[in-house]
Amino acid sequence: MDFITEAAVKAVKHLYQTDISPNAIALQETRKEFEGQVTIVTFPFTKFSRKTPEQTGTEIGEYLLGNLSEISAFNVIKGFLNISLRDAYWIDQLYDEILHQDFAVSKPNGKKVMVEYSSPNTNKPLHLGHVRNNLLGYSVAQILDAAGYEVIKANLVNDRGIHICKSMLAWQLFGNGETPESTGMKGDHLVGKYYVIFDKEYKKEIEFLKSEGQTEEEAKKNAPLIKQAQEMLQKWEAGDEEVINLWKTMNTWVYDGFGKTYNRLGVDFDKFYYESNTYLLGKDIVEEGLEKGVFFEKEDGSVWIDLTEDGLDEKLVRRSDGTSVYMTQDLGTAQLKYNDFHMDDSLYVVGNEQDYHFKVLFLILKKLGKSWAKGLYHLSYGMVDLPSGKMKSREGTVVDADDLIDEMEQTAKEQTEALGKVTDLTEEGLLELYHTIGMGALKYFLLKVDPKKRLLFDPNESVDFQGNTGPFIQYTHARIKSVLSRAGVDYAAKTGITEIAPVERDLILALTQFPTIISEAAKGYNPALIANYVYELAKTYNKFYHEKSILQAEDEMLKIFRLQLSSASAKVISRAMNLLGIDVPERM
RNA sequence: GGUCCCAUAGCUCAGCUGGAUAGAGCAACAGAUUUCUAAUCUGUAGGUCAUAGGUUCGAAUCCUAUUGGGAUCACCA
């Protein structure tokens, strides 16, 4: 559509002797109730045209009509100049752009970006919050890849610390040697079970100490279990063989479990970082900061940065005993990532509860003069809430990832069987189909909302399969495939068609927008834009499908054209869904 | 208390850097299948865009205040 913008700039120059920037021209899609496909808002031009918006629109419209052969007509309503493009223009768009193999394929832009996501703790299984994180991270990586970036998907596993020691300790004390093999439990769930047991027993101890007269705070500090856990952490840090072995064993269980869940979610990673390897990093950065005078040391030996001038607080970057805190590690890890990959941009897909942490982290790195700090970005997403409020692992009010996936597959199965359309697939094929549809519903449900916004999930209400949903879009794809497979003609070559119906034009128009949507989604790190787009596209296709017969078209040329249009739609739907990490079935 | 985020139909959400009469889906109601997959399509109904000011030719969108909700401000991660 750039040619219209350019021509409009010329029109303004010619008519009103004024130079304007192309950015000053607001091109928008014409609203459905009006004639035309593209609209220019002419209010801003009245300043120098010194005429009414209507007159200004008419003058520009006449200029464009006279100078652009693609334009067939225009109309002006108040300050809106609505432009109609010739059918030939849209037909060319289909043949020369959309059906071209390079359509919506960006050339490499020479930039490298890291997307860190997932980043689980190894003391409990994944829940719905992690699912949102994983799907977001994976989708953003796909979108950036489509936009021409070289993408590195990274996972920073939080595999050490007091919380893991809690699971380990509880297993030692109450586990009776249970293993995933002996119990048949998935490894991450088994470890999570002991995390919950720890918390339960710990609470009992606190209550007991309180009954003996201790305050809540004292009790929390003095409970034997927490002391044992802390001892265990010290032993771990000292490299105690027994503790390390237990840690390794239990982590192996967890990784095995996570691997299965990642697999079902369809996400993967190029690089794993482990906090057990990175938690000591950052100390040299602390030294560097002290030398540069960015940090200061207090009397007790703790090191801080004063961010009050930036509207923030003082922040600790090293404990008085010389050990690292979260911030220290993250400073070091950021440097490590950069040293490893020298990427231009680095995204952290982390919930918005950590907004403050990342604001501080990035600010510190900038103050330290790290040239790469400007490429850091916290992709902050909203929490997933239940109707009862926030999910809390310890209180058991979490929606478990594996359970959720099971339920989605089960629902997909019930829906498919109720419709009774797919009858000739093998058992294996059916299971794959249920997985595809169930995950399609779940992924679309989670990705269609703006990542920044919090998301409400009601476990008692199953995720829809109708309307603005993944299965709706998958269904549209399957339907197209079904028609294409019955085509009975070769539809590879261009037709000489010259006229098309409004629904067909609308569909082509929708298809042409795909590349723009990809770049906008990439710029905003926002899969929801893709989701909303592909939904609109599917709706437009369904309307076309309903109004026009493809295989029974009036003549052969029209039939071929509609097959081509359908094929193009299926391709774009499939690619767009792929950017969301969603598969589309051939039949359903 | 300081800082940050959010508020659009009964519910879940769109609404791009300000532009036309604020749009979808679900739920409700009424229709469409001798025709390519009805997980579809068409229609009806549903709104003081939290409230009050301001900027502008024009505000759901930008600014200020208020109300309501959430997050965060650990020598936890």
Side-chain angles (χ1 to χ4, degrees), chain A residues 23 26 28 30-34 39 41-44 46-47 53 77-80 82 119 121 158 160-163 275 279 298 300-304 311-313 315-321 323-327 329-330 351-357 359-360 380 382-383 385 389-390 412 415-416 418-419 421-422 437 441 445 448-450 452-458 461 464-476 478-487 516-517 520 524 528-529 531-532 535-536 538-539 542-543 545-553 562-563 566 587-588:
Chain A
N23 300 332
Q28 48 186 275
T30 305
R31 296 180 63 136
K32 287 199 179 85
E33 56 265 44
F34 303 103
T39 295
V41 183
T42 59
F43 288 107
T46 56
K47 277 184 205 127
I77 295 161
K78 291 195 267 183
F80 299 91
N82 302 319
S119 303
N121 289 346
N158 186 353
R160 53 141 249 129
I162 190 74
H163 47 286
E275 282 197 13
Y279 83 106
K298 287 192 179 175
D300 62 1
S302 57
V303 178
W304 299 73
L312 305 171
D313 304 308
K315 191 81 189 170
L316 178 85
V317 293
R318 193 176 73 191
R319 291 192 187 99
S320 51
D321 63 6
T323 57
S324 298
V325 289
Y326 182 37
M327 187 60 73
Q329 279 183 49
D330 266 8
N352 63 10
E353 57 196 352
Q354 294 198 37
D355 283 355
Y356 184 75
H357 172 75
K359 207 185 251 185
V360 172
S380 162
M383 297 288 101
D385 287 325
K390 223 181 145 178
Q415 297 274 332
T416 305
L419 289 167
K421 292 186 200 173
V422 185
I437 297 172
F445 177 81
K448 77 172 177 185
V449 320
D450 190 318
K452 288 194 286 294
K453 297 200 174 178
R454 43 197 290 198
L455 193 144
L456 186 78
F457 181 87
D458 188 346
E461 255 175 70
D464 278 327
F465 280 58
Q466 272 148 20
N468 188 358
T469 66
F472 169 90
I473 299 160
Q474 292 174 317
Y475 174 71
T476 307
R479 214 188 205 182
I480 297 172
K481 284 297 178 154
S482 169
V483 175
L484 293 179
S485 71
R486 290 158 188 265
T516 312
I517 298 292
E520 278 173 9
L529 297 180
N532 288 319
Y535 171 62
E536 284 300 324
K539 263 208 303 191
N542 281 331
K543 197 171 176 180
Y545 179 91
H546 230 264
E547 279 185 33
K548 302 292 172 188
S549 179
I550 299 162
L551 300 179
Q552 309 300 323
R562 286 179 182 161
L563 284 166
S566 296
R587 290 187 296 158
M588 67 184 273

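Convention: sequence-line order gives letters A, B, ...; per-chain numbering from 1.
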With heavy atoms under 4.0 Å as the rule, sort [X] into base, sugar-phosphate or nothing.
X: A:Thr416; result: base
X: A:Phe465; result: base
X: A:Lys548; result: base
X: A:Leu455; result: sugar-phosphate
X: A:Pro44; result: base
X: A:Ala478; result: base
X: A:Lys452; result: nothing
X: A:Asp330; result: nothing
X: A:Met383; result: nothing
X: A:Thr39; result: base
X: A:Val41; result: base

Phosphate OP1/OP2 of [N] contacted by [X] side-chain N/O (<4.0 Å):
X: A:Arg31; N: B:rG19; answer: no
X: A:Arg454; N: B:rA7; answer: no
X: A:Arg319; N: B:rC76; answer: yes
X: A:Lys453; N: B:rA14; answer: yes

Same-atom distance ([atom1]) from [N] to [M], integer angstrom:
N: B:rC62; M: B:rC16; atom1: C1'; value: 15 Å
N: B:rG47; M: B:rC11; atom1: C1'; value: 15 Å
N: B:rA50; M: B:rG10; atom1: P; value: 13 Å
N: B:rG15; M: B:rU8; atom1: C1'; value: 9 Å
N: B:rA7; M: B:rG54; atom1: P; value: 23 Å
N: B:rG18; M: B:rG43; atom1: P; value: 32 Å
N: B:rA24; M: B:rU67; atom1: P; value: 36 Å
N: B:rA71; M: B:rG53; atom1: P; value: 32 Å

- Query: Once you round to the nearest 0.5 Å, how far does OG1 of A:Thr42 lie from NZ of A:Lys78?
  - Reply: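 If we round to the nearest 0.5 Å, A:Thr42:OG1 and A:Lys78:NZ are 11.5 Å apart.
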- Rounded to the nearest 0.5 Å, how far does OH of A:Tyr475 lie from CG of A:Leu419?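 Reported value, rounded in 0.5 Å steps: 8.5 Å.
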Over how many whole Å does the gap from [X] atom [atom1] to [N] atom [atom2] extend?
X: A:Glu536; N: B:rG25; atom1: CD; atom2: C1'; answer: 11 Å
X: A:Asp313; N: B:rU3; atom1: CG; atom2: C1'; answer: 8 Å
X: A:Asp464; N: B:rU40; atom1: CG; atom2: P; answer: 10 Å
X: A:Asn532; N: B:rG23; atom1: CG; atom2: P; answer: 16 Å
X: A:Glu353; N: B:rU72; atom1: CD; atom2: C1'; answer: 10 Å
X: A:Met327; N: B:rC76; atom1: CE; atom2: P; answer: 13 Å

Now, which nucleotide makes the Watson-Crick or G-U wobble pair with [N], with each of the two distances under 3.5 Å?
N: B:rA7; answer: B:rU67
N: B:rU55; answer: none
N: B:rG46; answer: none
N: B:rA60; answer: none
N: B:rG31; answer: B:rC41
N: B:rU72; answer: B:rG2

Which of these nucleotides, [options], is closest to any side-chain atom of [X]?
X: A:Leu316; options: B:rU72, B:rC13, B:rC75; result: B:rC75
X: A:Gln354; options: B:rA77, B:rC41, B:rU37; result: B:rA77
X: A:Glu275; options: B:rC36, B:rC75, B:rA77; result: B:rA77
X: A:Asp300; options: B:rU40, B:rU37, B:rC75; result: B:rC75
X: A:Leu456; options: B:rC13, B:rG23, B:rC16; result: B:rC13
X: A:Lys78; options: B:rG23, B:rA77, B:rU21; result: B:rU21
X: A:Asp450; options: B:rC73, B:rA14, B:rU40; result: B:rA14
X: A:Ile77; options: B:rC26, B:rU37, B:rA20; result: B:rA20
X: A:His546; options: B:rC75, B:rC41, B:rC36; result: B:rC41
X: A:Phe472; options: B:rU37, B:rG23, B:rU40; result: B:rU40

- State whether A:Trp304 and A:Lys315 meet the cation-pi test: NZ (Lys) or CZ (Arg) under 6.0 Å from the six-membered ring centroid, and within 45° of the perpendicular axis.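 Pair A:Lys315/A:Trp304 does not count as cation-pi.
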Contact check, side chains of [X] and [Y], non-hydrogen atoms, under 4.5 Å:
X: A:Ile437; Y: A:Gln474; answer: yes
X: A:Met588; Y: A:Thr416; answer: no
X: A:Leu455; Y: A:Phe445; answer: yes

- Does A:Asn542 make a side-chain donor-acceptor contact with the base of B:rA38, cut-off 3.5 Å?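 Donor-acceptor pair under 3.5 Å: no.
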- Query: Under the 3.5 Å rule, do the base of B:rC36 and the side chain of A:Ser482 count as making a donor-acceptor pair?
  - Reply: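 Answer no: no donor N or O sits under 3.5 Å from an acceptor.
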- Message: I'd like to know whether NZ of A:Lys448 has more than 12 heavy-atom contacts from other residues, nucleotides or ligands below 6.0 angstrom.
- Response: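 Yes, NZ of A:Lys448 has more than 12 neighbouring heavy atoms, counting only those of other groups under 6.0 Å.
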- Query: Any chance CD of A:Gln552 has more than 12 other-residue heavy atoms, nucleotides or ligands included, within less than 6.0 Å?
  - Reply: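 Counting other residues, nucleotides and ligands, CD of A:Gln552 stays at 12 neighbours or fewer.
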- Between A:Arg31 and A:Asn82, do the side chains contain an N or O donor and an N or O acceptor separated by less than 3.5 Å?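 No, no side-chain donor-acceptor contact under 3.5 Å.
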- Message: For a quick check under 3.5 Å, do A:Gln354 and A:Tyr326 share a side-chain donor-acceptor pair by atom type?
- Response: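 Checked: A:Gln354/A:Tyr326 side chains pair up, N/O donor to acceptor below 3.5 Å.
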Tell me whether [X] is stacked on the nucleobase of [N], counting only the six-membered base ring and applying the 5.5 Å and 30° thresholds.
X: A:Tyr535; N: B:rA24; value: no
X: A:Phe43; N: B:rG19; value: yes
X: A:Phe80; N: B:rG19; value: no

